[in-house]
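First the structure, in the form of C-alpha coordinates, and then the observations on it.
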Amino acid sequence: MSNRTCNCGAPIVSTGRGRPRVRCKACAADRSRLGKDWRVAHPEFVKGYNAGRRVRYAELRKRREPSREAIEAHNARLRADNRAKRATAPQNA
(Lines give C-alpha, C1' and ligand atoms only; values in the text may rest on other atoms or scores of the structure.)
Protein backbone atom coordinates (compact mmCIF):
# COMPACT_ATOMS: atom_id res chain seq x y z
CA MET A 1 0.00 0.00 0.00
CA SER A 2 1.32 3.41 -0.94
CA ASN A 3 1.56 6.21 1.61
CA ARG A 4 1.46 8.95 -1.00
CA THR A 5 -0.57 12.08 -0.39
CA CYS A 6 -1.98 14.73 -2.69
CA ASN A 7 -0.95 18.40 -2.49
CA CYS A 8 -4.07 19.00 -0.40
CA GLY A 9 -2.91 16.38 2.13
CA ALA A 10 -5.49 13.72 1.27
CA PRO A 11 -4.19 10.20 0.69
CA ILE A 12 -3.92 9.02 -2.91
CA VAL A 13 -5.73 5.71 -3.29
CA SER A 14 -4.38 3.56 -6.12
CA THR A 15 -6.75 1.40 -8.12
CA GLY A 16 -3.97 -1.03 -9.01
CA ARG A 17 -4.61 -0.69 -12.76
CA GLY A 18 -3.17 1.72 -15.29
CA ARG A 19 -0.99 4.69 -14.49
CA PRO A 20 -0.52 5.62 -10.84
CA ARG A 21 -2.68 8.48 -9.64
CA VAL A 22 -1.05 11.84 -8.91
CA ARG A 23 -4.09 13.52 -7.28
CA CYS A 24 -6.80 12.48 -4.88
CA LYS A 25 -10.30 12.08 -6.30
CA ALA A 26 -11.45 15.51 -5.08
CA CYS A 27 -8.47 17.36 -6.60
CA ALA A 28 -8.79 15.42 -9.86
CA ALA A 29 -12.45 16.45 -10.08
CA ASP A 30 -11.47 20.08 -9.37
CA ARG A 31 -8.90 20.03 -12.22
CA SER A 32 -11.48 18.57 -14.59
CA ARG A 33 -14.04 21.16 -13.52
CA LEU A 34 -11.57 24.01 -14.22
CA GLY A 35 -11.17 22.92 -17.84
CA LYS A 36 -14.88 22.47 -18.35
CA ASP A 37 -15.65 25.87 -16.86
CA TRP A 38 -13.06 27.54 -19.11
CA ARG A 39 -14.52 25.88 -22.22
CA VAL A 40 -18.01 27.10 -21.28
CA ALA A 41 -16.71 30.64 -20.70
CA HIS A 42 -14.70 30.77 -23.98
CA PRO A 43 -16.78 29.02 -26.69
CA GLU A 44 -15.14 31.00 -29.52
CA PHE A 45 -11.70 29.57 -28.69
CA VAL A 46 -13.10 26.05 -28.43
CA LYS A 47 -14.92 26.42 -31.75
CA GLY A 48 -11.77 27.66 -33.49
CA TYR A 49 -9.64 24.92 -31.96
CA ASN A 50 -12.05 22.19 -33.03
CA ALA A 51 -12.35 23.61 -36.55
CA GLY A 52 -8.56 23.60 -36.87
CA ARG A 53 -8.39 19.98 -35.76
CA ARG A 54 -10.98 18.96 -38.34
CA VAL A 55 -9.15 20.69 -41.20
CA ARG A 56 -5.83 19.04 -40.36
CA TYR A 57 -7.47 15.65 -40.06
CA ALA A 58 -9.23 16.07 -43.42
CA GLU A 59 -5.95 17.07 -45.06
CA LEU A 60 -4.21 14.02 -43.66
CA ARG A 61 -6.99 11.77 -44.93
CA LYS A 62 -6.64 12.93 -48.54
CA ARG A 63 -5.21 10.24 -50.75
CA ARG A 64 -2.37 11.66 -52.76
CA GLU A 65 -1.62 10.06 -56.10
CA PRO A 66 2.09 9.72 -56.82
CA SER A 67 3.35 11.49 -59.91
CA ARG A 68 4.37 9.50 -62.98
CA GLU A 69 8.00 10.52 -62.37
CA ALA A 70 7.87 9.19 -58.82
CA ILE A 71 6.45 5.87 -60.01
CA GLU A 72 9.10 5.53 -62.71
CA ALA A 73 11.89 6.37 -60.25
CA HIS A 74 10.54 3.80 -57.80
CA ASN A 75 10.40 1.11 -60.48
CA ALA A 76 13.94 1.98 -61.61
CA ARG A 77 15.21 1.56 -58.03
CA LEU A 78 13.50 -1.82 -57.78
CA ARG A 79 15.06 -2.98 -61.07
CA ALA A 80 18.50 -1.80 -59.97
CA ASP A 81 18.12 -3.57 -56.62
CA ASN A 82 17.10 -6.78 -58.34
CA ARG A 83 20.08 -6.57 -60.75
CA ALA A 84 22.43 -6.06 -57.80
CA LYS A 85 20.96 -9.04 -55.97
CA ARG A 86 21.32 -11.25 -59.02
CA ALA A 87 24.90 -10.12 -59.53
CA THR A 88 25.95 -10.94 -55.97
CA ALA A 89 23.91 -14.14 -55.61
CA PRO A 90 25.97 -17.34 -55.54
CA GLN A 91 25.77 -19.36 -58.73
CA ASN A 92 24.41 -22.88 -58.35
CA ALA A 93 26.41 -25.41 -60.36
* To do: Check the surroundings of atom CG in Asn7: do more than 12 heavy atoms from other residues, nucleotides or ligands lie under 6.0 Å from it?
  => no
* Point-to-point distance, once rounded to the nearest 0.5 Å, from CZ of Arg86 to CG of Asp81 -> 11.0 Å
* **Validation row: Glu72, Ser67 side chains within 4.5 angstrom (heavy atoms)** => no
* Give, for atom OG of Ser32 and atom CZ of Arg23, the distance between the pair rounded to the nearest 0.5 Å. => 10.5 Å
* Verify side chain to side chain contact (heavy atoms under 4.5 Å, CB included) between Asn82 and Arg79, making sure each step is shown before the conclusion. => CA-CA 5 Å; Asn82 287 334; Arg79 285 192 299 270; 5.7 Å; no
Sequence neighbours left out, cut at 3.5 Å: what donor-acceptor pairs do the side chains of residues 37-45 make with other protein atoms?
| residue | atom | partner | partner atom | Å |
| --- | --- | --- | --- | --- |
| Asp37 | OD1 | Arg33 | NE | 3.1 |
| Asp37 | OD1 | Arg33 | NH2 | 3.2 |
| Trp38 | NE1 | His42 | ND1 | 3.2 |
| His42 | ND1 | Trp38 | O | 3.0 |

* **Set of residues satisfying side chain to side chain contact (heavy atoms under 4.5 Å, CB included) with respect to Leu78, sequence neighbours excluded** => His74, Asn75
* Asked: How many angstroms lie between CD1 in Ile12 and NZ in Lys25, if you round to the nearest 0.5 Å?
  -> 13.0 Å
* Structure fact -> Residues passing the salt bridge (charged side-chain N to carboxylate O under 4.0 Å, His left out) test with Arg68, sequence neighbours excluded, are none
* Asked: Going from SG on Cys24 to CG on Asp30, what distance comes out if it is rounded to the nearest 0.5 angstrom?
  -> 8.0 Å
